[in-house]
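Written below as structure tokens is the structure these notes are about.
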Amino acid sequence: MRLLRKSGGPPSRLATLVAVLALAALPRVAFADVITRTGTGSRTGTGAFNVTVGQFDPTQGTLNSITVTGNVFTGGSHGFENLEPNASNTISQTHNSSVNLNLPGGGAFIPSTLLDITTPPGPTITLPQFDGTLDFGGTSGRSFNGLSATGANQSTVLTGAALAAFIGTGNVNFAGNSNNTSSANGTGNQASTFTTNSGGNVSLAYNFTPFAPPPPPAIPEPTTLALLSVAFGAFGARRLFARRKTAA
């Protein structure tokens with residue numbers, strides 16, 4: 001009986017092995033990635049404050065650049081009381097703060113920015129005669145709470161030597177300062193109170209290249225491939241001989 005061989009069947013084991021080795025030999029492409037860290041810091045009154053943000057962990061890859069984005073803000077409250085027992089009082093007021101934020105190691109990130117929370121009620125307010133209770137309320141007093149102002153977002157990109165301060169497993173600090181200005185003057189006796197809280201927000205986008213995965217298994221040398229071919233050929237011939245013997 002004659003044995004007919006089919007064509008167009010599944011690929012041989014040798015062809016499959018060659019295809020797998022060819023895929024393993026393809027160059028690996030490195031992809032960039034981004035990790036974002038954020039921080040906020042503030043203080044009440046005039047003086048220094050820090051915005052603390054997490055560093056880039058060097059075990060995650062190679063840091064290429066950092067996009068730094070942030071802003072400064074001021075919030076607070078103010079109140080007024082007319083102390084004149086027999087006359088109204090027109091009080092003029094200002095309530096603002098100049099806030100700045102520096103990069104780690106020095107250098108301005110956000111220059112001094114004036115943030116005004118005078119409004120409400122505006123630069124002036126007229127209050128009736130004193131009602132006998134100093135509470136910044138009633139008929140002769142007013143209080144304004146929950147006031148806020150935020151500066152425009154600022155952004156910069158850091159590269160090269162500037163990256164060193166941001167690499168580690170701890171934190172990096174952006175040093176800021178707040179200079180608050182509050183004043184009130186009336187046409188008669190008056191009392192005033194101001195509370196100011198100022199600070200900044202920072203977001204760091206760490207642009208990095210992740211470390212490459214472990215290399216694939218080494219590609220067999222030509223001699224090894226030849227031996228594999230001989231082995232697979234011998235195996236195939238043996239199966240073919242067995243089939244013919246069975247069909248005879």
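FYI, side chains are in, hydrogens and waters are out, and symmetry mates aren't considered; it's all heavy atoms of this structure. All residue numbers in this chain count up from 1 along the given sequence.
Side-chain atoms of N189 never come within 3.5 Å of backbone atoms of P85 as a donor-acceptor pair (strictly under, hydrogens ignored). Without hydrogens or angle criteria, N207 side chain to A205 main chain gives a donor-acceptor distance under 3.5 Å.
Checked by atom type, the side-chain pair N64/T209 shows a donor-acceptor distance below 3.5 Å. If you check the side chains of T133 and D131, you find no donor sitting under 3.5 Å from an acceptor. One side chain, N89 or T187, offers a donor N or O that lies under 3.5 Å from an acceptor on the other. Judged by distance alone, the side chains of N100 and S112 never bring a donor and an acceptor atom under 3.5 Å apart. For the 3.5 Å distance criterion, the side chains of N180 and S178 qualify, holding a donor opposite an acceptor. For the residue pair S88/T126, the side-chain donor-acceptor check at 3.5 Å is not satisfied. Side-chain atoms of D57 and T59 form a donor-acceptor pair, as typed in the model, at a separation below 3.5 Å. Side-chain contact of S65 with T159: a donor-acceptor pair under 3.5 Å is absent, judged by distance alone. Residues N86 and Q129 bring no donor and acceptor atom of their side chains to less than 3.5 Å of each other.
Taking CD1 from I110 and CG from L103, the interatomic distance works out to 9.5 Å, rounded to the nearest 0.5 Å. For the atom pair CG of N50 and CG of L101, the computed distance is 9.0 Å after rounding to the nearest 0.5 Å.
No continuous path of ILVMFWY side-chain contacts below 4.5 Å connects F73 to L147, so the two sit in separate hydrophobic clusters.
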**Request:** Dump the intermediate steps for side chain to side chain donor-acceptor pair (under 3.5 Å) on D116 and T118, then the final yes or no.
**Result:** CA-CA 6 Å; D116 193 344; T118 298; 2.6 Å; yes

**Asked** Step by step, would you call S42 with F49 a side chain to side chain contact (heavy atoms under 4.5 Å, CB included)?
**Response** CA-CA 6 Å; S42 64; F49 63 89; 5.7 Å; no

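Of all the heavy atoms in F208 and Q60, the pair that sits closest is CE1-O, 3.4 Å. Listed here is the closest heavy atom pair of I35 and R37: CG2-NH1, 2.9 Å.
Side-chain contact between S198 and L115 is absent, with no heavy-atom pair separated by less than 4.5 Å.
Relative orientation of the H95 and F194 rings is perpendicular, given thresholds of 30° and 60° on the angle between their planes. Using the six-membered ring where Trp is involved, F56 and Y206 have ring planes that are tilted, between 30° and 60° apart.
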